[in-house]
Amino acid sequence: VQLQASGGGLVQAGGSLRLSCASSGLTFSQYTIAWFRQAPGKEREFVVSIRGSGGGGTSIYAHSVRGRFAISRDNAKNTGYLQMNSLKFEDTAVYFCAAGRPILSSIRQTDAYQYWGQGTQVTVSS
């Protein structure tokens, strides 16, 4: 199983980026896809998740990104996306995509996900 995150970069505050998470080796449609981020000196934190077909494709957002970020998935392409708008300096972090089958109560926990991408750096200049 492989997850490949891409799309990070340097952007000014207020700008947008779109991250992608391409997968191989798993039945993508059945997995919850999540994005986490980790800023220097901080713990990895949950950003957003979207459930697989068994969970109706529902999404859950961290409060800090709700209304600015949007997660989506294309099961035919085995790829998940994170559209990030109105970026803020505090969004600067390495962003990781993850795949797993967490129960709803664990969906924000890193240990609920079996597979992880390598991370992509997002830097927002103020």
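Keep in mind the model is a prediction, meaning the values are calculated, not measured. For the single chain, residues carry numbers from 1 onward in sequence order.
Between the side chain of Q4 and the backbone N or O of G117, no donor-acceptor pair lies under 3.5 Å. Remark: the backbone N or O of G8 is paired with a side-chain donor or acceptor of T120 at under 3.5 angstrom. Of the possible polar contacts, one joining the R68 side chain to the S86 backbone as a donor-acceptor pair under 3.5 Å is found.
A donor atom on one side chain and an acceptor atom on the other are not found under 3.5 Å apart for T92 and E90. Of the N and O atoms on the side chains of T79 and D74, not one donor lies less than 3.5 Å from an acceptor on the other residue.
Here the side chains of E45 and Q38 are not in contact, with every heavy-atom distance at 4.5 Å or above.
Of the inter-residue distances, the one linking S126 atom OG with L87 atom CG reads 13.0 Å to the nearest 0.5 angstrom. Taking CD1 from I33 and CZ from R51, the interatomic distance works out to 12.5 Å, rounded to the nearest 0.5 Å. To the nearest 0.5 Å, atoms OH (Y31) and OG (S23) are separated by 10.0 Å. Atom OG of S59 is separated from atom CD1 of I50 by 5.5 Å, given to the nearest 0.5 angstrom.
A70 and Y61 get closest at one heavy-atom pair: CA-OH, 3.3 Å. Considering all non-hydrogen atoms of both residues, A99 and L3 come closest at N-CD1, 3.7 Å.
In the hydrophobic clustering of this structure, W116 groups with F46; members are Ile, Leu, Val, Met, Phe, Trp, Tyr whose side-chain heavy atoms approach within less than 4.5 Å, directly or through other members.
Ring geometry, Y95 versus F69: the interplanar angle falls from 30° to 60°, so the pair is classed tilted.
Annotation: Y113 is in aromatic contact with F36 [ring centroid separation under 6.0 Å].
A side chain to side chain contact (heavy atoms under 4.5 Å, CB included) with R37 is found for one member of D91, L82, V94, V122 and no other, namely D91.
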Report task. For L19 and Y81, run side chain to side chain contact (heavy atoms under 4.5 Å, CB included): C-alpha distance rounded to whole Å, both residues' side-chain angles, the deciding distance at 0.1 Å, then the answer. Result -> CA-CA 6 Å; L19 306 184; Y81 303 98; over 6 Å; no

Requested in this report: Using the side chain to side chain contact (heavy atoms under 4.5 Å, CB included) rule, take M84 and S16 through it: C-alpha gap first, then chi angles, then the decisive distance, then the call.
Outcome: CA-CA 5 Å; M84 304 187 296; S16 298; over 6 Å; no

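In this structure, R73 is positioned above the aromatic face of F28, its NZ or CZ under 6.0 Å from the six-membered ring centre and within 45° of the axis. Seen from the ring of F96, R44 counts as a face-on cation partner, given the 6.0 Å and 45° thresholds.
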